[in-house]
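Notes for the one structure printed next.
So that the names make sense, note that chain A is the first sequence line, chain B the second, and so on, each numbered from 1. Since the structure is predicted, the reported quantities are computational estimates derived from the model, not experimental observations.
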Amino acid sequence: MYFSKIVDRYLEMDFEKLFAEVSSADVAATLAKIGKSRLEQRDLLNLLSPASDEFFSQIASASMRMTKQYFGNAMSLYMPIYISNFCQNRCLYCGFNHENKIIRKHLSLDEIEEEAREISKTEVKHILLLTGEAPKLASYEYVRDSVEILKRHFESVSVEVYPMSVAQYSGLKRAGVDGVTVYQECYDKEVYSRMHPSGPKRDYDFRIDTPDRAAEANMRWVSTGPLYGLADPLKEAFISGVHSRYLIDKYLDTEFSVSVPRLNPAEGCIDTGYKMENRLFFKVIFAMRLYNPRIGINLSTRESAGIRDSLLGLGITRLSAGSKTDVGGYQSKDKSTAQFEISDSRSVAEVMEMMKSRGFQPVHKDWDLLVEEEFCI
Amino acid sequence: MSDVLKLGGVEFTNRLFTGTGKFSSKAMIPKMLEASGSQMITVALRRVDVKSASENILKYIPKSVVLLPNTSGARNAVEAVKIAMIAREAGCGNFIKIEIINDQKYLFPDNFETIKATEILAKEGFHVLPYMMPDLIATKRLEDAGAAAIMPLGAPIGTNRGLETRPMLEILIENSILPVVVDAGIGRPSQAADAMEMGAAAVLVNTAISAADNPVLMGEAFSMAVKAGRAAYLAKMAEEKRFAQASSPLEGYLWN
């Protein structure tokens with residue numbers, strides 16, 4: 001049974017009432033449990049509730065201690081590579097929306113090689129390959145062949161493409177893919193339906209079960225998370241935490257991480273009416289850490305340098321750096337339109353220096369590419 | 001009195017093994033090694049980038065310290081063997097710590113796959129130090145497979161909870177023909193001393209040193225604790241008694 005069969009029981013909860021009922025004593029009781037016993041769903045609710053505001057600094061300290069215990073002072077780095085921005089979907093918040101009149105680009109395999117060569121001039125050895133959802137153009141075979149090229153330049157390749165089947169993920173794993181990133185965008189079904197008026201992404205269940213399928217295909221790393229700003233952030237954060245816990249408990253062999261992207265302005269973007277303020281944003285990161293202590297937490301360049309720097313050590317474990325979100329962006333010729341605005345435009349070297357100056361060891365390489373078939377016992 | 005631990009043809013006079021994983025700066029590693037006197041340090045091959053001029057972690061480890069590359073990230077014997085081969089290619093020597101974990105929730109080692117990898121790598125000439133769940137049968141299998149030592153966990157990795165597996169560790173120390181190196185879970189110098197008093201041949205401490213506010217001083221503290229624990233073990237401690245007993249026996253007076 002996948003998460004699509006479970007999520008309804010959470011969506012039906014009266015979050016407004018539940019959050020309003022949390023008292024200071026409830027939050028204090030949760031804080032007292034940290035480090036002693038596993039937090040329960042009720043604790044996650046307490047940590048996210050408005051009542052936890054008065055405990056903000058204690059929660060931040062607890063998150064900092066937990067992060068240090070399990071991850072030490074090391075911080076991983078990765079870079080995204082966008083290879084195609086054609087897309088059939090009409091996601092109202094995304095720059096690649098099918099209806100947007102933007103500059104579209106689809107890199108040939110030779111162009112991907114050039115782009116990879118450019119990126120590999122930095123120290124970063126972990127790459128995240130991204131495409132829009134256009135399975136005829138950016139087909140499974142195209143993604144697989146692109147991975148074959150990226151493998152020559154990087155030690156680990158992850159993909160953030162459209163949801164695939166278990167068989168396809170298994171095929172990509174054989175080709176050398178280690179990780180899958182897939183964002184649910186929003187757990188709230190009504191908002192999800194409104195945000196995705198047409199295209200394959202309308203299929204909520206198929207998308208929400210993607211992490212299950214990737215883990216079944218034995219991917220090493222699977223990353224999930226909502227896009228904060230589409231729906232009620234408290235409710236989304238709660239279900240994201242529960243979703244992560246479900247995956248961690250079910251697939252012991254896969255390392256899970258969670259992302260906390262906030263909606264950034266993009267070409268043709270709409271105003272959703274929800275905005276996640278910094279204080280709540282921080283609180284969500286702390287709650288994710290405390291509820292699932294060993295989970296990886298990713299932070300992209302959607303966030304400003306100031307926010308990213310101040311969050312080091314408080315919960316996050318992985319940062320992207322030097323990112324370009326336009327196709328072929330690293331070679332800076334024939335520009336296409338970016339998926340979203342970058343807020344932290346520092347180079348990889350600058351981000352690494354910043355980490356060092358703040359007492360963190362940047363980890364630019366954290367894996368060696370292992371090809372499955374080579375060894376037989 | 002000479003008290004050396006021999007592993008893979010190398011004599012260790014310091015029984016504190018250390019790790020590289022969680023330091024705030026790689027530059028801290030040689031300072032910690034100097035302060036602690038640790039003669040063996042484990043490094044995850046996944047983090048080694050021999051091609052990088054500035055970020056290659058191996059450059060921070062003095063030549064006098066024995067490298068113990070580990071197979072962190074391996075999910076099965078095949079992957080562990082492959083990582084070990086890459087480590088040797090990269091010039092990391094013949095020691096290898098096998099770490100096979102396919103449970104990402106508690107990070108427990110897989111003894112079954114570990115035994116398989118040990119057998120292959122020992123035949124390939126590696127000095128194999130397998131990280132394992134403390135289990136007697138697995139210990140015997142690892143002896144047969146050609147391990148150089150065994151490395152049972154004291155508590156789940158990174159938890160700093162100490163010797164929670166004490167009864168099992170005692171059995172392994174009593175029954176293993178191989179040196180027993182307690183790995184994982186040791187959070188305080190007193191716990192390291194405790195393991196050494198029990199008869200462990202060495203301890204491996206990573207998080208408790210690297211994540212301390214002052215890792216250099218903590219390395220030194222652990223080194224002293226390990227020395228004290230080892231000396232106490234060799235000195236054969238007086239038996240623990242339930243009730244008080246006069247330190248100078250009175251019996252001699254009774255017959256005068």
Side-chain angles (χ1 to χ4, degrees), chain A residues 35 38 65-77 120 122-125 155-156 178 215 218 220-222 245 247-256 292-296 313 349 352 355-377, chain B residues 19-29 44-57 71-83 85-87 90 101-108 110 113 116-117 119-120 157-160 187 206-213 215:
Chain A
R38 199 179 195 211
R65 282 197 305 275
M66 196 71 92
T67 307
K68 191 161 184 169
Q69 182 182 350
Y70 290 113
F71 298 90
N73 300 302
M75 194 73 56
S76 298
L77 287 162
S120 60
T122 69
E123 297 278 0
V124 175
K125 299 285 186 287
E155 292 292 349
S156 177
D178 293 315
N218 258 327
R220 286 178 183 279
W221 300 296
V222 174
R245 172 75 67 92
L247 292 165
I248 289 166
D249 287 352
K250 187 169 179 187
Y251 303 101
L252 287 180
D253 206 5
T254 299
E255 284 175 53
F256 291 95
N292 293 308
R294 286 193 194 270
I295 201 166
M352 286 174 81
M355 287 179 175
K356 288 177 186 172
S357 72
R358 286 171 175 258
F360 291 91
Q361 184 193 143
V363 176
H364 68 289
K365 172 182 176 288
D366 199 18
W367 191 235
D368 282 285
L369 191 68
L370 302 176
V371 181
E372 285 190 342
E373 289 86 351
E374 277 189 28
F375 272 81
C376 296
I377 291 181
Chain B
T20 50
K22 297 177 179 173
F23 286 90
S24 58
S25 150
K26 295 186 190 88
M28 197 78 83
I29 296 170
L45 185 82
R46 62 196 279 178
R47 295 242 173 123
V48 174
D49 185 2
V50 286
K51 292 176 203 147
S52 171
S54 58
E55 300 294 332
N56 181 3
I57 198 164
T71 64
S72 165
R75 306 281 213 265
N76 52 48
V78 178
E79 291 183 357
V81 168
K82 175 142 198 191
I83 293 170
M85 298 296 187
I86 298 173
I101 293 174
N102 45 37
D103 142 37
Q104 305 307 318
K105 192 172 167 188
Y106 304 104
L107 303 179
F108 284 146
D110 179 333
E113 291 290 318
K116 283 205 287 188
E119 193 169 5
I120 295 165
I157 201 163
T159 60
N160 295 339
N206 182 18
T207 307
I209 294 176
S210 60
D213 281 354

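Contacts of L107(B) with chain A are made by side-chain atoms alone, with heavy-atom separations under 4.5 Å and no backbone atom involved. For a residue to count as touching a neighbouring chain, one of its non-hydrogen atoms must lie under 4.5 Å from one of that chain's; by this rule T20(B) touches chain A with the backbone only. Proximity to chain A (any heavy atom under 4.5 Å) is restricted, for A74(B), to the backbone atoms N, CA, C and O. At a 4.5 Å heavy-atom cutoff, the contact between R220(A) and chain B is made by backbone and side-chain atoms alike. For N218(A), no part sits under 4.5 Å from any heavy atom of chain B, backbone or side chain. Interface residue I86(B): only side-chain heavy atoms are found under 4.5 Å from chain A.
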_Using the rule given for side-chain contact (heavy atoms from CB on, under 4.5 Å), can you reason through K125(A) versus D49(B), listing the C-alpha separation, both sets of side-chain angles and the distance that settles it, and then say yes or no?_
CA-CA 9 Å; K125(A) 299 285 186 287; D49(B) 185 2; 3.4 Å; yes
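Counting only distance, with no hydrogens or angles, the side chain of K365(A) and the backbone of R46(B) share a donor-acceptor pair below 3.5 Å.
G21(B) and A74(A) make their closest contact through O-CB, 4.0 Å (heavy atoms, listed as atom of the first residue, atom of the second, distance). In plain terms, the two heavy atoms of Q361(A) and S25(B) that are nearest each other are CB-N, 4.4 Å. The two residues G359(A) and S24(B) make their nearest non-hydrogen contact at O-CB, 2.8 Å. In terms of heavy atoms, W367(A) sits closest to I83(B) at CH2-CD1, 4.4 Å.
Side-chain contact between K68(A) and K22(B): absent, with no pair of heavy atoms (C-beta onward) separated by less than 4.5 Å. Using a 4.5 Å heavy-atom threshold, the side chains of Q104(B) and R294(A) count as separate.
A salt bridge links R75(B) with E255(A); the closest basic N to acidic carboxylate O contact falls under 4.0 Å.
Residues passing the ring pair (Phe, Tyr, Trp, His ring centres under 6.0 Å) test with F360(A): none are found, sequence neighbours excluded. Remark: D110(B) engages no residue in a salt bridge (Lys or Arg N to Asp or Glu O under 4.0 Å) (not counting sequence neighbours).
Chain B forms more heavy-atom pairs under 4.5 Å with one residue of M355(A), M352(A), Q69(A) than with any other, namely Q69(A). With chain B as the partner, the residue from D366(A), V363(A), I248(A) showing the most heavy-atom pairs under 4.5 Å is D366(A). The choice from K356(A), M75(A), H364(A) that makes the most heavy-atom pairs within less than 4.5 Å of chain B is H364(A).
Expressed to the nearest 0.5 Å, how far CD1 of I101(B) lies from CG of D253(A) amounts to 11.0 Å. Note that CZ of F71(A) and OG1 of T207(B) are 11.5 Å apart. Values are rounded to the nearest 0.5 Å. Distance check, rounded to the nearest 0.5 Å: OG1 of T254(A) to NZ of K105(B) gives 13.5 Å.
Within a 6.0 Å sphere centred on CG of D213(B), heavy atoms belonging to other residues, nucleotides or ligands number 12 at most.
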